[in-house]
Amino acid sequence: MCGELRLSDAGRKAVLMGWVGRRRDLGSIIFVDLRDRSGITQVVFNREKNPAVHQKAEQLRNEYVIAVIGTVKQRDPETINKNIPSGEVELAVDELRILNVSKQPPFLPGDAGLANEETRLKYRYLDLRREVMQFNIEMRHKVAKAIRDYLSSQGFFEIETPFMTRSTPEGARDYLVPSRVQPGSFYALPQSPQLFKQILMISGFDKYFQIVRCFRDEDLRADRQPEFTQIDLEMSYPQPERVWEVVEGFLSAAFKAGGVEINPPFLRITYDQAILQYGNDKPDMRLPAMVDVRAALTPEELNELATKFRIHKELPIQLIRIPKAGDISGTERRTIGTYGAYQHVQGPSFVQLMTDPKRFAKDYPAISEKILSFAKIEPDDLWLLAGAIDKPESQAAREQSVQHFCEKCGFLRLDLAQKYAAKHGAFQKRDFRFLWVTDFPMFEWDKTEKRWNPAHHPFTSLHEEDMAKLEANIDSVNDPQSPLGEIRALAYDVVLNGTELGSGSIRIHRQDIQRKIFQALGMSEEEARARFGFFLEALEYGTPPHGGIALGLDRIVMILAGAESLREVIPFPKTARAVDLMVDAPTPVSAAQLKELGIQLKS
RNA sequence: GGGGACGUAGUUCAGUUGGUUAGAACGCUGCCCUGUCACGGCAGAGGCCGCGGGUUCGAGUCCCGUCGUCCCCGCCA
């Protein structure tokens with residue numbers, strides 16, 4: 001292929017086929033960079049040696065597809081191109097065939113600058129000819145293959161599950177597919193194969209995996225597409241640790257395929273720790289944790305601060321540290337608190353920032369010194385303190401606000417880290433910090449619907465020790481103060497550099513417990529039967545304990561490829577408004593099609 | 001649903017306080033060139049300034065609306 005000729009091939013005849021990249025016409029001699037997915041080789045048309053072929057070569061233009069036959073020649077030492085792997089040789093062409101011509105493309109695959117994304121997506125086939133995209137798509141293939149090979153070697157079967165199915169228990173909106181044969185009824189595209197993989201456990205395929213497309217009709221982000229690919233797996237009889245081990249194994253294989261060695265086991269922290277130390281359930285471990293500085297202070301000092309700044313002593317006083325941010329101007333120091341943090345976490349602002357560290361150090365030299373040594377602050381670090389504004393609240397509301405407050409601090413930590421990224425240099429793309437976040441809460445409070453909802457999905461097991469709490473509060477689905485919020489699930493996330501790669505849990509395999517969960521969620525027997533009847537019935541026929549996880553393949557490849565968006569690693573992605581600009585989808589359909597489906601549109 | 005950025009030649013961009021003929025680079029076309037590799041030189045073509053309205057003697061520039069792309073919040077376990 002075009003990128004593969006080397007010095008050792010010199011003297012051999014070769015046939016190359018590919019696209020015309022750059023063309024350098026010097027009159028009697030024409031150089032063409034011939035390109036395919038393997039790279040480029042310089043081919044030479046020489047009027048003196050072959051006038052007919054040279055004349056034909058004058059017609060060549062960008063992106064023409066050609067075949068050339070010729071002799072591989074060693075280049076003279078002074079004409080070697082060190083920038084390309086095939087640079088020591090070139091092909092002296094004896095025969096040229098123009099296999100196809102090309103219109104002038106809106107942009108060239110070899111262009112130094114990038115066309116805007118709208119153009120790239122419309123002409124995706126041209127965009128995909130670019131070296132980076134070829135690299136990313138190849139990387140994706142290698143990663144997927146490594147994962148398949150690894151899981152196969154561990155005894156997992158890859159088993160397919162339906163795309164046309166019914167609504168699954170995840171919380172996102174479904175994509176619906178109308179049925180012609182059953183007018184008025186709809187399939188749902190799976191948000192994940194959750195129930196099918198659990199059924200497979202019940203069926204005795206005790207190690208399952210699938211690299212599978214999932215569909216969620218929610219708003220897009222740089223790291224969210226409406227259809228995305230999951231590495232979905234499930235196994236029978238596992239402790240969470242066993243699932244983690246499998247994931248660490250296939251991620252090692254995947255990253256190795258991407259040229260990166262990683263070292264399991266990954267760090268593990270609980271959800272509560274993550275919130276306290278990072279204000280985030282998917283912390284980026286390349287940045288330092290926040291430090292609750294209360295432990296460094298005497299009660300008197302704590303009182304002094306609490307009074308002076310009107311902050312809670314019972315809530316953390318978080319020190320946020322941005323390493324090496326160095327000296328910043330007074331204006332900058334004073335305006336730090338106005339960054340995005342306030343829009344991130346809804347609700348009344350109750351974060352009191354001691355935003356001007358210099359001033360703080362001046363006003364409270366003793367306290368400041370204690371705190372700085374306690375949090376191991378270096379001289380050129382930027383730091384600031386944040387406390388929760390003291391407002392009279394009930395104890396329960398205060399509990400809630402620990403999380404709320406820490407999340408707000410966490411956003412501020414990230415905003416600042418982003419702002420000073422150039423200074424601290426912590427966001428190294430090749431610095432891979434994996435992390436397990438464990439013991440997620442079982443339920444979370446839904447403010448809109450004023451009820452507790454499953455934080456993961458309703459088939460997630462809970463910690464055995466928390467069973468009593470469940471039973472004691474089984475009828476409190478509408479009570480925001482209910483201890484339901486304290487129940488921990490056997491649910492875990494795997495996180496890499498601030499991105500959630502995947503999420504999983506040990507499932508409920510006992511019907512009695514499943515019934516309690518539905519009850520706690522305020523779901524009647526009939527309701528549960530209507531939604532998940534087939535599954536509940538299956539649970540009754542000897543269900544083994546089981547659990548699993550699903551990881552986003554696109555996100556893994558994105559991070560490995562150093563890309564900023566999923567669109568760089570998905571061949572045919574959609575825009576932020578879920579449109580495919582190349583094929584122009586979605587589109588209206590004909591009246592006849594709608595009629596056949598028994599669907600009428602509101603005008 | 002909300003906030004922000006952007007939209008000018010095929011492409012990437014510049015365009016001052018509103019001022020008469022809208023520029024550059026790359027790409028494209030033609031000619032010249034035997035060692036280029038981001039080849040070079042000369043000449044040339046190429047514009048619904050996203051779209052619609054308004055203000056004004058005059059709008060790429062100001063205002064309103066609209067469409068599109070991107071980022072974020074909400075949302076997405």
Side-chain angles (χ1 to χ4, degrees), chain A residues 21-34 40-49 54 58 61-63 73 75-84 86-87 90 92 103-108 110-123 126 168-174 191-192 194 214-226 228 271 281 339-346 411 414-415 418 440-444 446-448 453-460 489 491-493 500 502-505 549-550 552 564-565 567 574-577 579 581:
Chain A
R22 290 196 174 277
R23 176 174 44 99
R24 294 171 293 278
D25 184 347
L26 276 64
S28 304
I29 189 164
I30 298 171
F31 300 99
V32 165
D33 290 338
L34 194 64
I40 60 173
T41 286
Q42 173 165 280
V43 301
V44 187
F45 303 92
N46 195 317
R47 186 189 283 156
E48 212 165 75
K49 301 206 169 113
H54 176 274
E58 285 177 339
R61 293 295 180 267
N62 284 321
E63 299 307 301
K73 285 180 53 184
R75 296 205 201 178
D76 293 336
E78 65 273 18
T79 64
I80 286 173
N81 183 351
K82 295 180 294 289
N83 300 322
I84 54 172
S86 68
E90 62 195 10
K103 295 208 296 187
Q104 182 193 340
F107 58 92
L108 294 173
D111 278 349
L114 220 46
N116 79 38
E117 202 154 357
E118 212 172 332
T119 315
R120 289 177 57 202
L121 288 172
K122 179 165 181 200
Y123 300 95
L126 297 178
T168 36
E170 281 78 11
R173 296 184 188 88
D174 287 318
Q191 296 176 29
S192 81
Q194 184 58 39
C214 301
F215 307 86
R216 292 176 192 178
D217 186 4
E218 294 295 341
D219 289 348
L220 287 77
R221 287 283 192 287
D223 62 353
R224 272 164 30 190
Q225 282 274 312
F228 58 99
Y271 173 86
D281 65 359
Y339 295 149
Y342 286 94
Q343 72 164 3
H344 289 308
V345 180
Q346 268 192 338
F411 273 117
L414 283 179
D415 282 341
Q418 217 95 62
F440 271 76
M442 189 80 177
F443 305 102
E444 62 189 8
D446 185 325
K447 287 189 295 269
T448 330
N453 271 334
H456 190 58
H457 56 59
F459 308 111
T460 306
Y492 34 81
D493 277 7
E500 178 198 319
S503 197
S505 65
I549 193 165
E564 299 292 340
S565 147
R567 297 183 300 278
K574 290 174 178 58
T575 69
R577 284 178 60 255
V579 168
L581 291 176

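What you see below is based on every heavy atom in this structure, not just the backbone, and it leaves out hydrogens, waters and symmetry mates. Each chain gets a letter, A, B and so on, in the order the sequences are listed, and its residues count up from 1.
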Please determine whether a side-chain nitrogen or oxygen atom of [X] lies at a distance below 4.0 Å from atom OP1 or OP2 of [N].
X	N	answer
A/Arg23	B/G27	no
A/Arg24	B/U34	no
A/Gln191	B/A77	yes
A/Arg120	B/C70	no
A/Arg577	B/U69	yes
A/Ser503	B/A77	no
A/Arg61	B/U29	yes
A/Asn116	B/U12	yes
A/Ser28	B/U34	yes
A/Arg221	B/C73	yes

Between [N] and [M], how far is it from one [atom1] atom to the other, in whole Å?
N	M	atom1	answer
B/A24	B/G47	C1'	15 Å
B/C28	B/G68	P	33 Å
B/C75	B/G53	P	40 Å
B/G65	B/C71	C1'	24 Å

Does [N] have a Watson-Crick or wobble partner in any strand here, with both distances under 3.5 angstrom, and which is it?
N	answer
B/U55	none
B/G7	B/C67
B/C37	none
B/U61	none

Would you call [X] and [Y] a side-chain contact if the rule is heavy atoms closer than 4.5 Å?
X	Y	answer
A/Pro106	A/Lys122	no
A/His54	A/Asn46	no
A/Ile29	A/Phe31	yes
A/Asn81	A/Gln42	no

Next item on the list: By nearest nucleotide on RNA chain B, pick out whichever of A/Asn46 and A/Phe107 is the more 5' one.
Entry: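 Nearer the 5' end of the strand: A/Phe107.
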Next item on the list: Could you pick out which residue, A/Ala115 or A/Gln42, lies toward the 5' side of RNA chain B when each is mapped onto its nearest nucleotide?
Entry: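 That would be A/Ala115.
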Checklist line | Minimum-distance nucleotide to A/Leu26 side chain [options: B/C37, B/C39, B/C72] | finding: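 Per side-chain heavy atoms of A/Leu26, the pick is B/C39.
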Margin query: Taking atom OH as the centre, does A/Tyr123 end up with more than 12 heavy-atom neighbours from other residues, nucleotides or ligands that are less than 6.0 angstrom away?
Written below: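 Open: at most 12 neighbouring heavy atoms sit under 6.0 Å from OH of A/Tyr123.
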Margin query: Under a 3.5 Å distance rule, please check whether A/Asp76 uses its side chain to pair with a backbone N or O of A/Thr79 as donor and acceptor.
Written below: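 Side chain of A/Asp76 to backbone of A/Thr79, a donor-acceptor pair under 3.5 Å: no, none is there.
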